[in-house]
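See below for the structure under consideration.
Here is the naming used below: chain letters follow the sequence lines, and residue numbers restart at 1 for every chain.
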There are 2 protein chains.
Amino acid sequence: MLKNTAKSALTKLPGETAGAGSRHLILETAARIFRHEGYAATSLRAIAAACNMKAGSLYYHFESKDQIVSEVLDIGVQKVFDSVKSAVQALAPGATLGATLHCAIEAHLRALLHAHDFTSANIRIFGQVPAPVRESHRMLRRAYENYWREMLEQLQRDGAIRAEADLQQTVYFLFGAMNWATEWYDDKRFDLKLVANQMADLVVLGLQAAPERASPELRPKQRKKQVS
Amino acid sequence: MLKNTAKSALTKLPGETAGAGSRHLILETAARIFRHEGYAATSLRAIAAACNMKAGSLYYHFESKDQIVSEVLDIGVQKVFDSVKSAVQALAPGATLGATLHCAIEAHLRALLHAHDFTSANIRIFGQVPAPVRESHRMLRRAYENYWREMLEQLQRDGAIRAEADLQQTVYFLFGAMNWATEWYDDKRFDLKLVANQMADLVVLGLQAAPERASPELRPKQRKKQVS
DNA sequence: GTCTATAATATGATAGAC
DNA sequence: GTCTATCATATTATAGAC
């Protein structure tokens, strides 16, 4: 109604979104609202309003509400996965259990809390989205879970992790401990580096094959897994 | 419309709810649907239908949807809290770190997975309920968290937990690891006792003040916390 | 205690103007 | 690319019959 006379000259108003970024803005806004309100309570009108748009306009960028939620879910896992993969690849080839877990845990936590709206939305609403959306997202979750389990299995084969540790369960414990940070972590109360260190220390001491606190390098590596 | 002639003689039809159990049935049903659909997507019609009732009838037992969700949230925490408290109280007074954590973790997991609909609903929808509901439930959550932190602080004062461990964070890690089991635990794939043992072993080894695998009783206790 | 009927409001999605 | 208007449907909660 008011002042849309000079609109055709600009592709976009300089509100808070730049250039061709409407799609990104919608996804980020949707993630934030999904996180706080849940899947069903998040209306397209609410997403649009927070983007200074109207509900009908979202359909230019997305086919449906489910397509929006699908992309939000995938982004949440993909950002963390990418962060951990590239951090672990940068490690020296024969990195110790301690170095590997410190690195992977810190990378997971850093990406988790940096893309907070996407990751928190993912954890909170995964169980609430329509079944087809959930099933198609599940593959990516499984791939990330397998990545961690295979990393731990390699360390166990090298003798760095005690043979009795069940690594499938260990991955579940770790994911639970790390992802719960979306619910309690607060910049003002904690330092991310120190949180990562606390968690890594706990897990490394809990998993390692034998006490190696004093001089990690001097211990002979055990090969093969022990038969019970 | 059909056959409600002899209704006044019975207080209740023998459907699947006994005696004065309509309230309980509604709460259990609500918890199950809240868990799967989320807070907003759970309609009173859906809860009522699953109880073989009509939406309007719920208002005889509850004042509003928010009162139902409030009670569901509280029950989820209270059942776990009660279970852990009574299991820990049954321990010998000077129980070791290992005995205490094995006991508390198993009690938490057992109640968590036994009251699965209530506990899973609690974890999933806590962030989505209206603010007044969330705030009034938060006290109970905080009380349970304090219970665990104080238990760990006592063990640290006794020298059983290494002084560098941050116990506030440890409680967050533990809660995350334990509560995530609502998302992956499956009777057919796992044995609860073994899961509790795996988790307790990991945490005990990760927290203990010094390696005491061989003979826990022989180590001298350290008093006071070390100044850094 | 449970029912029917209804009030007031909100939803996802579509069509077509600009 | 974004808007307005609209359809068909669903929502919580209330009132009052039985």
query = What integer distance in Å separates B:D66:CG from D:dA13:C1'?
reply = 12 Å
key: Among C:dT11, D:dT2, C:dT2, the one nearest B:M53 by side-chain distance   = C:dT2
ask   = Which of the following nucleotides, D:dA13, C:dG12, C:dT2, is nearest to the side chain of A:L44?
value = C:dG12
inquiry  = Measure CZ/A:R45 against P/D:dT4 and give the value in whole Å, please.
reply    = 12 Å
remark   = B:Y60 has its side chain closest, among C:dT11, D:dG1, C:dT2, to C:dT2
query = Could you give the CD-to-C1' distance, from B:E37 to D:dT11, as a whole number of Å?
reply = 15 Å
query = When you check the gap from the basic side-chain N to the acidic O, do A:D191 and A:K193 get nearer than 4.0 Å?
reply = no
inquiry  = In whole Å, I'd like the distance from the CG atom of A:L58 to the P atom of D:dT4.
reply    = 13 Å
request  = Figure out the OH/C1' separation between B:Y59 and D:dA13, and round it to whole Å.
outcome  = 4 Å
inquiry  = Would you say the rings of A:Y185 and B:Y172 are close, in the sense that their centroids are separated by under 6.0 Å?
reply    = no
key: Distance below 4.0 Å between B:S22 side-chain N/O and C:dG1 OP1 or OP2   = no
inquiry  = Output the rounded distance in Å from CD1 (B:I47) to P (D:dT11).
reply    = 11 Å
ask   = Expressed in angstrom and rounded to an integer, what is the separation of A:I68 atom CD1 from C:dA13 atom C1'?
value = 12 Å
ask   = Can you tell if the side chain of A:D201 reaches within under 4.5 Å of the side chain of A:H102, non-hydrogen atoms only?
value = yes
Proximity to the side chain of B:K54 - top-ranked nucleotide from D:dT2, D:dC3, C:dC3 = C:dC3
query = Are the aromatic rings of A:F190 and A:W184 close, with centres under 6.0 Å apart?
reply = yes
message = Taking the ring of B:H108 and the ring of B:F81, is the distance between their centroids below 6.0 Å?
response = no
inquiry  = In this structure, how many angstroms lie between the P atom of D:dT14 and the NZ atom of B:K65, rounded?
reply    = 15 Å
task = Map A:E63 and A:A46 onto DNA chain C by nearest heavy atom, then report which one ends up closer to the 5' terminus.
result = A:A46
message = If you compare every side-chain N and O of B:S57 against the phosphate oxygens of C:dC3 (OP1, OP2), does one of them come in below 4.0 Å?
response = yes
